[in-house]
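Each remark here refers to the structure printed beneath this line.
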Amino acid sequence: MIIVANWKAYVSDAAQAKKLVAFAKRLASTTKIKLVLAPSAPHAALLALGNRSKVAFAAQDISPATDGASTGESTAQTYARAGVTYAIIGHSERRAQGETDADITEKVRRALAQGLIPIVCVGERERDASAEYLAFIRAELAAVLTPLSHKERLGLIVAYEPIWAIGKSAVEAISGNDLAEMVLYIRKVLGEYLPHKAPAHVPVLYGGSVEPGNVRELAAASRVDGFLVGRASVDPVSFAGLVKALRA
Ligand code: 13P
């Protein structure tokens with residue numbers, strides 16, 4: 001089980017960021033759950049450099065550019081050398097800023113080339129009675145997976161984050177049954193792109209209004225491998241609550 005804490009732009013104070021990391025390190029020593037923290041870009045290097053703890057760090061996004069004449073870009077190589085080991089790619093909040101499928105593929109390749117594990121986000125905008133969202137998820141997965149080699153595909157983590165469920169409360173999040181269906185569906189599609197490999201080889205996470213109050217039910221109802229958490233991950237009480245709920 002893995003929890004990825006996507007701090008988004010919630011934590012702008014470096015002292016607060018340091019405190020959250022210290023808290024996560026203490027928490028990590030009490031659980032087998034893998035904790036991955038995704039601070040903002042300026043804080044990532046500050047916090048991850050020389051990291052040898054059980055807590056790992058993720059970039060919230062990486063540049064599709066390589067090192068060199070690319071003003072303002074934070075490259076995969078820069079993150080990797082700063083001690084970061086994962087990269088969130090294709091988050092709906094980045095896609096909303098104009099990130100394309102081609103950008104996402106490029107970013108995945110850059111991440112893998114630098115030894116970063118890409119956490120590729122997919123998710124439909126809304127649910128419809130005729131289940132068009134299944135075709136939408138398939139298309140998003142296909143756009144990422146098709147250009148990649150078999151070996152590259154095996155290096156991914158997929159995060160299912162339905163846009164309608166992000167930034168709400170636990171009661172508005174997905175139900176356990178619906179999540180179970182989506183995880184099976186995503187694994188089925190992954191299986192089509194990974195012949196001769198168990199689709200379970202690629203971990204599937206869920207994100208969207210995960211809180212201490214619903215995380216246990218979501219984990220119990222589905223075969224999800226972990227969670228990508230926004231708001232509840234920047235409050236130590238609810239972050240610890242997530243870990244406790246999954247342990248209980
Ligand atoms: P919330 O947990 O705040 O809904 O955010 C989910 C998310 O977008 C994580 O990447």
Side-chain angles (χ1 to χ4, degrees), residues 2-29 31 33-99 103-121 152 155-157 159 161 203 205 207 226-236 238-240 242-243:
I2 171 169
I3 298 179
V4 183
N6 179 5
W7 292 0
K8 306 192 179 186
Y10 286 122
V11 184
S12 53
D13 179 50
Q16 186 196 354
K18 282 185 183 167
K19 274 193 199 152
L20 278 173
V21 171
F23 184 80
K25 286 182 180 171
R26 287 198 297 278
L27 196 59
S29 67
T31 178
I33 299 169
K34 176 89 190 157
L35 301 182
V36 180
L37 308 179
S40 65
H43 289 164
L46 179 75
L47 301 167
L49 200 61
N51 176 46
R52 283 187 182 44
S53 73
K54 282 174 76 186
V55 168
F57 289 89
Q60 292 183 11
D61 180 32
I62 55 167
S63 170
T66 48
D67 287 4
S70 299
T71 304
E73 300 293 328
S74 299
T75 63
Q77 187 166 6
T78 310
Y79 276 111
R81 289 186 171 181
V84 168
T85 48
Y86 294 79
I88 299 171
I89 297 173
H91 193 283
S92 56
E93 289 155 16
R94 301 300 328 150
R95 292 182 192 251
Q97 297 298 317
E99 184 182 58
D103 293 331
I104 291 169
T105 301
E106 203 54 38
K107 290 176 182 192
V108 167
R109 288 229 161 93
R110 298 271 178 247
L112 289 169
Q114 295 301 325
L116 300 178
I117 301 170
I119 302 169
V120 178
C121 302
E152 286 172 325
L156 303 181
I157 293 177
E161 292 210 315
L205 315 184
F227 296 93
L228 179 51
V229 186
R231 208 176 31 194
S233 74
V234 293
D235 169 39
S238 54
F239 193 50
L242 294 171
V243 171

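Numbers here are sequence positions counted from 1. Keep in mind the model is a prediction, meaning the values are calculated, not measured.
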**Message:** To check you understand the geometry: which heavy-atom pair defines the closest contact between A87 and A111, and what is its length?
**Reply:** CB-CB, 4.4 Å

**Message:** Any non-hydrogen side-chain atom of L35 less than 4.5 Å from a side-chain atom of V243?
**Reply:** yes

**Item:** Qualifying salt bridge (Lys or Arg N to Asp or Glu O under 4.0 Å) pairs, either residue in residues 49-63, two or more places apart
**Value:** D61-R94, D61-K107

**Asked** Does T105 have any side-chain hydrogen bond (donor to acceptor under 3.5 Å, both in side chains) partners at least two apart in sequence or in another chain, and if so, which?
**Response** none

**Request:** Output the distance between atom NZ (K34) and atom OH (Y86), rounded to the nearest 0.5 Å.
**Result:** 5.0 Å

**Asked** Listed by chain and number, what are the salt bridge (charged side-chain N to carboxylate O under 4.0 Å, His left out) partners of D103, not counting sequence neighbours?
**Response** none

**Item:** Working for side-chain contact (heavy atoms from CB on, under 4.5 Å), residues V55 and V36
**Value:** CA-CA 6 Å; V55 168; V36 180; over 6 Å; no

**Request:** Could you check if a side-chain atom of I88 sits within less than 4.5 angstrom of a side-chain atom of C121, using non-hydrogen atoms only?
**Result:** yes

**Message:** Can you give me the closest heavy-atom contact between L47 and A17, atom names plus distance?
**Reply:** CD1-CB, 4.0 Å

**Item:** Residues that Q114 engages under side-chain hydrogen bond (donor to acceptor under 3.5 Å, both in side chains), provided they are two or more places apart
**Value:** none

**Request:** Write out all pairs satisfying salt bridge (Lys or Arg N to Asp or Glu O under 4.0 Å) with one or both partners inside residues 67-85, taking only residues at least two apart or from two chains.
**Result:** none

**Asked** If we ignore angles and hydrogens, is there a donor and acceptor under 3.5 Å between the side chains of H91 and E161?
**Response** yes

**Prompt:** Side-chain contact, heavy-atom cut-off 4.5 Å: L205 with V4?
**Reply:** yes

**Derivation of the side-chain contact (heavy atoms from CB on, under 4.5 Å) call for I157 and I117** = CA-CA 7 Å; I157 293 177; I117 301 170; 3.8 Å; yes

**Request:** Could you go through the side-chain contact (heavy atoms from CB on, under 4.5 Å) check for I2 and F227 one step at a time?
**Result:** CA-CA 6 Å; I2 171 169; F227 296 93; over 6 Å; no

**Prompt:** Taking only residues two or more places apart in sequence, or in another chain, which ones meet A113 in a side-chain contact (heavy atoms from CB on, under 4.5 Å)?
**Reply:** none

**Request:** Find the distance between OG (S53) and CZ (R26) and round it off to the nearest 0.5 Å.
**Result:** 12.5 Å

**Message:** If you apply the rule side-chain contact (heavy atoms from CB on, under 4.5 Å), what do you find for T75 with T66, and how did you get there?
**Reply:** CA-CA 6 Å; T75 63; T66 48; 5.9 Å; no

**Asked** Side chain of Q60, backbone of P39: donor and acceptor closer than 3.5 Å?
**Response** yes

**Request:** Check side-chain contact (heavy atoms from CB on, under 4.5 Å) between T85 and all other residues, then give those that pass, not counting sequence neighbours.
**Result:** A56

**Fill in**
Applying salt bridge (charged side-chain N to carboxylate O under 4.0 Å, His left out) to R109 and not counting sequence neighbours gives E152

**Asked** Can you name the side-chain contact (heavy atoms from CB on, under 4.5 Å) partners of P236, sequence neighbours left out?
**Response** L20, F23

**Fill in**
On a heavy-atom basis, the closest approach of A24 and L37 is CB-CD1, 3.8 Å

**Request:** Provide the full list of side chain to side chain donor-acceptor pair (under 3.5 Å) pairs with a residue in residues 4-19, sequence neighbours left out, each pair given once.
**Result:** K8-E93

**Fill in**
Scanning both residues in full, the closest heavy-atom pair of V11 with S40 reads O-OG, 4.4 Å

**Message:** Minimum heavy-atom separation for L116 and I62, please, with both atom names.
**Reply:** CD1-CG2, 4.4 Å

**Request:** Check whether any side-chain heavy atom of N51 sits under 4.5 Å from a side-chain heavy atom of F57, and report yes or no.
**Result:** yes

**Message:** Checking Q77 now: which residues fulfil side-chain hydrogen bond (donor to acceptor under 3.5 Å, both in side chains) with it, not counting sequence neighbours?
**Reply:** none

**Fill in**
Rounded to the nearest 0.5 Å, the OG atom of S233 sits from the CD1 atom of I3 at a distance of 9.5 Å

**Message:** Quick check: closest heavy atoms across I104 and G90, and the distance to 0.1 Å?
**Reply:** CD1-CA, 3.7 Å

**Prompt:** Sequence neighbours excluded, which residues qualify as side-chain hydrogen bond (donor to acceptor under 3.5 Å, both in side chains) partners of S238?
**Reply:** D235

